[in-house]
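Quick notes on the structure that follows.
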Amino acid sequence: MFLPQLMARAGQGEKLVVLTCYDASFARLLVDNGVDALLVGDSLGMTVQGHATTLPVSLDDMVYHTSAVARGASGRAFVIADLPFGAYQTGPARAFESSARLMAAGANMVKLEGGSIMAETVAFLSDRGIPVCAHLGLLPQSVNATGYRAQARDEVAAARLLADAEALQAAGAGMLVLESIPSTLAGQVTARLAIPTIGIGAGRDCAGQVLVLNDLLGLTEKPPRFSKNFMAGADSLAGAVRAYAEAVRGGAFPGPEHSFRCD
Ligand code: KIV
């Protein structure tokens, strides 16, 4: 699936249903049960590799998992691949070389973390035919600086995030992940932008939602507050994924208990 097809779905006013995915079997299962886009997240550093953070994940790791997911999805879902820590921060040319490997492995879009400082890189990639998803709010690759805490909870930080979102859209970003920010701010960003926002811990007013697959399946020892175990009450993996897709499309997930407020 290519970006225009995904945008057409978003344009019909339906919430986009996104999940992380790391292998071919799950790619098939997720596509068969209502997921629009698969994010090969560098969260695989924790979920698959057992690290404490996403920082040790290499570009080779991301290429390996992206090609497995793309084969499983076989063109039936949109595949987004994370650029891992160290593979893009030094400048547009390096980001292009890393992104080219992910696109050749089967990604339809790459994702990178950071605000207006990444605008030049976003423009460089999108001008060369590589769709880019930006990522604001809690940035797991910056965990050493911020910890795992909700972000942009005061007025100054919220204004900065809004400005970053506009700068990234102007640079050519095709989508924006908003992680762990107040729901009201995510709603404002979503209303301000033409590109879809995909929330994770960002309330129900985003254009779509993403969760880490392992959190949804109840496999995470200490899941984040914004996630939900959809295996509870489901009789199969497929049932849990369908319940998530229906809850997102119907507006039942996320609820206030999965969301953050301003300070
Ligand atoms: O790597 C990942 O799983 C992500 C999500 C948290 C959005 O980037």
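Along the sequence shown, residues carry numbers from 1. Atoms within each ligand, like the ligands themselves, are counted from 1 in listed order.
Protein heavy atom closest to atom 8 (O) of ligand 1, with residue, atom name and distance, is Lys111 NZ, 2.8 Å. Here the protein heavy atom with the shortest distance to atom 4 (C) of ligand 1 is Leu39 CD2, 3.7 Å.
Annotation: side chain of Ile195 is not in contact with side chain of Met175 (no heavy-atom distance under 4.5 Å). Side-chain contact between Leu44 and Thr47: present, with at least one pair of heavy atoms (C-beta onward) separated by less than 4.5 Å.
No N or O atom of Tyr22 sits closer than 3.5 Å to an N or O atom of ligand 1.
For ligand 1, the atoms closer than 4.0 angstrom to any heavy atom of Asp82 are 1 (O), 2 (C), 8 (O). Contact atoms of ligand 1 toward Ser43: 1 (O), 2 (C), 3 (O) (distance under 4.0 Å to a heavy atom of the residue). For ligand 1, the atoms closer than 4.0 angstrom to any heavy atom of Asp42 are 1 (O). Each of the following atoms of ligand 1 lies closer than 4.0 Å to a heavy atom of Glu179: 6 (C).
Ligand 1 is never approached by Glu113 to a heavy-atom distance shorter than 4.0 Å.
Looking at Thr20 against ligand 1, only its side chain comes within 4.0 Å, counting heavy atoms.
Among Gln49, His51, Gln141, the single residue meeting the side chain to side chain donor-acceptor pair (under 3.5 Å) criterion with Asp42 is Gln141.
In this structure a side-chain-to-backbone donor-acceptor pair under 3.5 Å is present from Arg94 to Gly86. Looking at Ser116, its side chain never comes within 3.5 Å of a backbone N or O of Ala119 through a donor-acceptor pair.
Interatomic distance, Phe26 CZ to Leu19 CG, rounded to the nearest 0.5 Å: 10.5 Å.
A salt bridge links Asp32 with Arg76; the closest basic N to acidic carboxylate O contact falls under 4.0 Å.
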